[in-house]
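Please read the structure below before turning to the comments.
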Amino acid sequence: MTKNNSQDVEGAGIGRRRFLNSAAAIGITSVGLAACQESSNTTAAPAAASGPANAAAPVANAHVGGAGSAEVKPGQLDTHYALWSSGHTGDARVLGIPSGRELLRIPCFVPDALIGWGLTNESKAVMGTRADGSLRYTVGDTHHVHGSYKDGIYDGKYAWINDKINSRLARLRLDYMVCDKITKIPNVQGFHGIFPDRRDPVDPAIDYTTRVFCGQEFHVPMPNKGAHLEDPKQYHCLFTCVDAETMDVRWQARIDGNCDLVATSFDGKLAASNQYNTENGALYPDMMAAERDACLFFNIARIEQAIKDGKFTTIGDSKVPVVDCTVEANKDPATALSVRVSTPKNPHGVNASPDGKYFICSGKLSPTATVIELQKVLDWFDGKLEDIDKAIVAEPEIGLGPLHTTFDGKGNAYTTLFLDSQVVKWNIDKAIQKHAGDKEINPIVHKLDVMYQPGHINATNAETKEADGIWMAVGNKFSKDRFLPVGPMHPENDQLIDITGEQMVLVHDNAVRPEPHDFIIFKRDWLHPKQVYELDEHPQATKDTDSAGVTRNGNKVTVRMISFAPSYTPIEFKVKVGDEVTLFLTNIDKVEDLAHGFALPEYNIQFVVNPQETKSVTFKIDQPGVFWYYCTNFCHALHLEMRGRMIVEA
Ligand code: K7E
Ligand code: CUA
Ligand code: CA
């Protein structure tokens, strides 16, 4: 095992930093850097993230990384963005890499007190309410987050994230970094894996994301209305396609067994899900009964043609067309909508290599990874491959408890080993050569201890065709002794690893609140968030002080308020007990970073309005008195004076 030498790491980074000396350099020089790295085996390669210009001697050691320091000094910026799932805090997080600093949380499935998510009318409309106006759900469990693609890389438009508890798919707008739509997936429990398509399977002109695929992990009776309660053989799972733009559910596919993770091919033709419960078992010994499970492939063009041809059913109240992707109905390659490639028992994780050629399933209970060649799966659908398992081109032994895999764009895969508490770097081509019969070849390049029990893993740009092989993050499920003790609930440990060299180098421990699952990391040039809202994003925006004021219609009162540092207009308003007040607050400040808050005592109200943003709340007046509303977000030297009175007459 490697011993990390922080001296070497630092020195190796500095060698490059002398040339680059700027965080900005990384975005525009990645091609040059890659070339440089290949041409020399003895000088450290890519890309100073952030380190200081420093004339220290470079260390000539190709084995250690050259990504530089994880420290981002004051005044410097991270080189990469990362989107992180949060697990059962139910939101998404935005991080800077390499620093690992959390920059933002994007609420979606659960309320968020800071910005008033789940409290404003706008956020409630996105989240969904019951007839009495209360939120339908206040818990969520986010596992997987992925961005929208164009030309095989992220276009910075959207990201999608799943809620495993209540089977909802949320879309995040990446311009304002807010959730703008949530879709409830019908007849599904345990919605786990998601992946956007990376181009259209039929129309070559559509080289961007138009669908999001969603896997169901927990099989249930269909419809789940009281029939077949005790008979798991009658339970099923659905694989669901959601329209990326409208967020409507386009179609579903009924399958045998379950879906765990989901991946899509870069050519748009195939989506796949690993299945650990091909047995349709209800208890875990049942789920472990079969010697092999599967990776299930969906032929998207054929499924959509079948729907056009009317070959579908529906389930219960749902109008969504459901095609039959069960094993029995799809034996003939000429007409099959789906096919199973076998894997060792109970696999976890399926990831697409950035060259577009392979899907890799991790063994979990088997010490192997299964490499499936996508062209061979397509050949099977074309009648050119007799045995579908011949699509397996490698099954290297990599270590104990393999879960997820990522890539460096140089032909190497990196897989987390949950039981070994390690990451293993292995070479895909060598694994294929070994599988083909060259027993002398060893595909394992390096193993690195991580702390502890790693789950997800992702490298910079690695879910795109431009994997840059600079940084890699590993989400460790346990942190034990790595941080100061804080009682029984430990933080998790997201570790940063430099992958520029032949050997991986552990660079940074990052304590995170439990418990993220998956994440993506990508270069910062791919995202262009806006700092100021478009006033017209909200149809009820109040554009100036003259349009602000109070109108009454019976006992319904509408307050149009503006904020402009350091005051509200109107600065006071009168209502009566029994009124229902809807208050629209528009922040007409145009200055970047000049947000205001609005808190109202006794009415459980607090929210934030960003520059040029409008939000509204509706509440019933139930007590007379004076109620000071005030600004919660520090905005001005006179921020504390930014307040006004709601005067309530009996
Ligand atoms: Cu992506 Cu954590 Cu839901 Cu694997 S799962 S670890
Ligand atoms: Cu406005 Cu503080
Ligand atoms: Ca199984």
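Keep in mind the model is a prediction, meaning the values are calculated, not measured. For ligands, and for the atoms within them, numbers begin at 1 and follow the listed sequence.
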Taking 4.0 angstrom as the limit, do [X] and [Y] come out as a salt bridge?
| X | Y | answer |
| --- | --- | --- |
| Arg482 | Asp509 | yes |
| Glu492 | Lys480 | no |
| Lys530 | Glu592 | no |

Which atoms of ligand 1 are found less than 4.0 Å from any heavy atom of [X]?
| X | result |
| --- | --- |
| His348 | 4 (Cu), 5 (S), 6 (S) |
| Gly455 | 6 (S) |
| His144 | 1 (Cu), 3 (Cu), 5 (S) |

Item checked: N, O or S of His143 under 2.8 Å from atom 2 (Cu) of ligand 1 ->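 It does not: His143 brings no N, O or S atom closer than 2.8 Å to atom 2 (Cu) of ligand 1.
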
Next item on the list: Tell me how many protein N, O or S atoms are closer than 2.8 Å to atom 1 (Cu) of ligand 2.
Entry: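 That number is 4, waters not included.
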
Distance alone, cut at 3.5 Å: any donor-acceptor contact between the side chains of [X] and [Y]?
| X | Y | answer |
| --- | --- | --- |
| His538 | Glu122 | yes |
| Glu102 | Asn510 | no |
| Thr464 | Asn461 | no |
| Tyr414 | Asp408 | yes |

Next item on the list: Would you indicate whether the side-chain heavy atoms of His236 and Gln216 approach each other to under 4.5 Å?
Entry: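 No - every pair of side-chain heavy atoms lies 4.5 Å or more apart.
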
Next item on the list: Could you tell me whether atom 3 (Cu) of ligand 1 has an N, O or S atom of His456 under 2.8 Å away?
Entry: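 No.
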
Next item on the list: Quick one: look at His404 and ligand 1, take heavy-atom pairs under 4.0 Å, and tell me if it's side chain, backbone, both or neither.
Entry: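 Contact part for His404 vs ligand 1: side chain (C-beta onward).
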
Margin query: Among all protein heavy atoms in this structure, tell me which lies nearest to atom 2 (Cu) of ligand 1, with the distance rounded to 0.1 Å.
Written below: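 The closest heavy atom on the protein side is His517 ND1, 2.2 Å.
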
Checklist line | Near-ring test Phe297/Phe359, centroid separation under 6.0 angstrom | finding: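 Centroid separation for Phe359 and Phe297: below 6.0 Å.
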
